[in-house]
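Notes for the one structure printed next.
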Number of protein chains: 2
Amino acid sequence: MHASLRARSSVWHADTVTTPPPGLRERKKQATREALREAALRLAVERGPDHVRVEDIAEAAGVSPRTYNNYFASREQAIVAAVTADREARIAAVVAARPAGVRLADAVTEAVVEQYTNTGEREHEALLLITTRTALRDAFLDATAGIEPPLTVVIAERLGDAGAHTARVLAASVAAAVRIALEGWLRPAGNAGAAEGFGAGGLVVPSGSLPDRLRAALAPLAPAFDAAERRTQP
Amino acid sequence: MHASLRARSSVWHADTVTTPPPGLRERKKQATREALREAALRLAVERGPDHVRVEDIAEAAGVSPRTYNNYFASREQAIVAAVTADREARIAAVVAARPAGVRLADAVTEAVVEQYTNTGEREHEALLLITTRTALRDAFLDATAGIEPPLTVVIAERLGDAGAHTARVLAASVAAAVRIALEGWLRPAGNAGAAEGFGAGGLVVPSGSLPDRLRAALAPLAPAFDAAERRTQP
DNA sequence: CAGGAAACATGCGTGCACGCAAGTTTGCGT
DNA sequence: ACGCAAACTTGCGTGCACGCATGTTTCCTG
């Protein structure tokens, strides 16, 4: 029983770039990938994350354990990927879709907030599970690095060829900022912080919601975006 | 990808704060850590990185293999640590030592360039070895994340308590930029780039020296530093 | 200067990550 | 339509990462 490849409606709506028709090979690969991450998440939810071995996931997806490792480098990656999926690509797409008039910084910030706010019921359940194991938390945080490549592309489009280099740095900074926001957000479970209500002069940030945290983390980067944009369209 | 190198050594907030006399325990720990990373590098150079097992390193350092893993989470980390060592802390120290008058962006940039330019003979040899194995290259790049915590502290000192949050993001962005610079710098070995001399309008960056790359990568962040600084000292 | 608590080292066991060398499938040119 | 080349899957073997339980060292407090 191989991975079910249901005929996915191949709606190749022009993605700004010409998408060459995906061959059989590529479709199978994506199907296997999806089967693996779905199986990983399902099993992790059903029996608890510690009672799922790679062997189980592979079997549930109809491939060999060795093949599993051709798709995911760690056990945690597959589980996390079921939640992360293609957030990366969606963020980039949303940024690209924003009218050229708006500030790049705003476009990016809103795109990020938008994609991380779409918390479906299933995702929420998965996130709860992720917070319970540090290995999963780490894998989840590491996954944010995945937004860097697509973000680099869309930012580079706005900045022009001269800013290709800058785009890379800005995209990486955004990824870092998002990571920090998420890190602080799902910390409550594994509290180990130093300053928790020290009475001195410092005004303590009250630990807001995810959108608030994301905006707060991205705000310091806005001047860098503005400067980069200014350099191409004076 | 193996990225999780959290839980670094218990950072007694760098200089600036009084360092309590380190007890016997802490001194032994540092000695063991150093013995391990020195042994790791020496053996890797002597017999080649593929012919060094964790068991060998542990034996050379006079500890059990299990103890090795209490200090380093992967085989590559130990080798890389022999080069990286405490660059992290030194960068932070140099930034803190800069007179309060200079732009924060300049202080950070110069500190980073300074520390990565100090290429001793031994380090150069080690870097050559590191470029030969992708696993080592990855570990080396991941190690740059280590500058984040100490950098956060010194930046936060300049920005005041109100900017603690911003400091975190800026430090992470610097780490990301440095990573990008290093990534491009030691790429020549494993070339796989797409655009290598396309004649079109784009002006191709000629792949400069490390200091040039570091400055170029950090430059886009300068406006963010300036804005943060401006917000505390108008 | 006891004596107990906390940090640390170590052995053992388990599941895993990944290189390598077949065997199999897909894609493409002629 | 044929057949070759490249991509992908799989089994095997090796070294490794890390939880757990236990013995040992360091530290602190009365």
Side-chain angles (χ1 to χ4, degrees), chain A residues 1-3 5 20-36 40 43-44 47-59 61-81 132-139 142 192, chain B residues 1-7 9-10 12 20-33 35-36 40 43-44 47-59 61-81 132-139 142:
Chain A
M1 54 194 97
H2 292 80
L5 32 133
L24 206 206
R25 195 168 240 155
E26 192 60 23
R27 267 178 292 137
K28 263 194 176 179
K29 239 172 66 171
Q30 291 311 322
T32 299
R33 182 180 299 273
E34 185 180 334
L36 280 172
L43 291 178
R47 18 174 130 161
D50 295 335
H51 298 153
V52 181
R53 289 167 311 177
V54 162
E55 190 187 338
D56 304 328
I57 301 174
E59 187 183 12
V63 297
S64 77
R66 184 62 184 84
T67 294
Y68 170 92
N69 270 314
N70 289 341
Y71 284 85
F72 297 101
S74 83
R75 195 172 52 91
E76 289 76 20
Q77 265 186 28
I79 299 176
V80 160
T132 64
R133 297 291 182 281
T134 44
L136 285 175
R137 262 194 32 181
D138 289 347
D142 286 346
Chain B
M1 219 24 133
H2 5 54
S4 63
L5 33 119
R6 224 112 292 139
S9 57
S10 50
W12 324 93
L24 208 206
R25 194 169 240 155
E26 192 61 22
R27 266 178 292 134
K28 263 193 175 177
K29 239 171 66 170
Q30 291 310 324
T32 299
R33 182 179 300 272
L36 281 172
L43 292 177
R47 16 175 132 162
D50 294 336
H51 300 153
V52 182
R53 288 167 311 177
V54 162
E55 189 186 339
D56 304 327
I57 301 174
E59 187 184 11
V63 297
S64 76
R66 184 63 184 82
T67 293
Y68 171 93
N69 270 310
N70 288 342
Y71 284 85
F72 298 101
S74 83
R75 194 171 53 92
E76 288 76 19
Q77 267 185 27
I79 299 177
V80 161
T132 64
R133 298 290 183 282
T134 43
L136 284 175
R137 262 193 32 179
D138 289 347
D142 285 347

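Reminder, nothing fancy here: chain letters follow the sequence lines and each chain counts from 1.
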Inter-residue atom distance Thr32(B).OG1 - Tyr71(B).OH, 0.5 Å rounding:
4.0 Å
Whole-Å distance separating the CD atom of Glu76(A) from the P atom of dC16(C)
9 Å
Rounded distance (Å) that lies between atom P of dG15(C) and atom NE2 of His51(A)
11 Å
Once you round it to whole Å, what is the distance between P of dC16(D) and CD1 of Ile79(B)?
11 Å
Please work out if Phe72(A) contacts a base, only the sugar-phosphate, or nothing of the nucleic acid, heavy-atom cut-off 4.0 Å.
nothing
Contact under 4.0 Å: Lys29(A) side-chain N or O vs dA7(D) OP1/OP2
no
Per the atom types in the model, does the base of dG19(D) pair as donor or acceptor with the side chain of Arg66(B) at under 3.5 Å?
yes
Counting only side-chain nitrogens and oxygens, does Thr67(A) get under 4.0 Å of the OP1 or OP2 atom of dT10(D)?
yes
B/S/- contact track for nucleotides 21-30 of chain D, protein heavy atom under 4.0 Å:
----BBS---
Out of curiosity, Asn70(A) CG to Arg33(A) CZ, how far, rounded to the nearest 0.5 Å?
10.5 Å
For the side chain of Asn70(B), counting heavy atoms from C-beta on, which of dT10(C), dG11(D), dC18(C) is nearest?
dT10(C)
Within-4.5 Å side-chain heavy-atom neighbours: Arg53(A) and Asp56(A)
yes
Need to verify one output field. Residue with the more 5' nearest nucleotide on DNA chain D, Val54(B) or Pro65(A)?
Pro65(A)
Spacing between Asn69(B) atom CG and dT14(C) atom P, to the nearest angstrom:
18 Å
Cut-off 3.5 Å, side chains only: do Glu34(A) and Gln30(A) have a donor facing an acceptor?
no
If an axis is fit to five pairs at each end of the helix from dC1(C)-dG30(D) to dT30(C)-dA1(D), what is the angle between the two, to the nearest 10°?
40°
Interatomic distance, Glu55(B) CD vs dA17(D) P [rounded to whole Å]
13 Å
Check whether any side-chain heavy atom of Glu55(A) sits under 4.5 Å from a side-chain heavy atom of Tyr68(A), and report yes or no.
no
Within this structure, what is the CZ-CD1 distance for the pair Arg75(A) and Ile57(A), rounded to the nearest 0.5 Å?
7.0 Å
Which heavy-atom pair separates Ala40(B) from Ala78(B) by the least distance, and what is that distance?
CB-CB, 3.7 Å
If you take all heavy atoms of Glu76(B) and Ala139(B), which pair is closest and at what distance?
CB-CB, 3.6 Å
Categorize Arg53(A) for me: base, sugar-phosphate, or nothing, with a 4.0 angstrom heavy-atom threshold over every strand shown.
sugar-phosphate
Please state how far atom CZ in Arg75(A) lies from atom C1' in dC18(D), giving the value in whole angstrom units.
12 Å
Rounded to the nearest 0.5 Å, how far does CG of Leu43(A) lie from CD of Glu59(A)?
9.5 Å
From the set dA17(C), dA9(C), dT10(C), return the single nucleotide nearest to any side-chain atom of Tyr71(B).
dA9(C)
Below the 4.0 Å mark, does dC16(D) have OP1 or OP2 next to a side-chain nitrogen or oxygen of Tyr68(B)?
no
May I have the distance from Asp138(A) (atom CG) to dC18(D) (atom C1'), rounded to whole angstrom?
14 Å
Choosing from dA17(D), dG11(D), dA17(C), which nucleotide comes nearest the side chain of Ser64(A)?
dG11(D)
Heavy-atom nearest pair, Ile79(B) first then Ala44(B), reads CD1-CB, 3.8 Å
When rounded to whole Å, the CG to C1' distance for the pair Asp50(B) and dT14(D) reads 13 Å
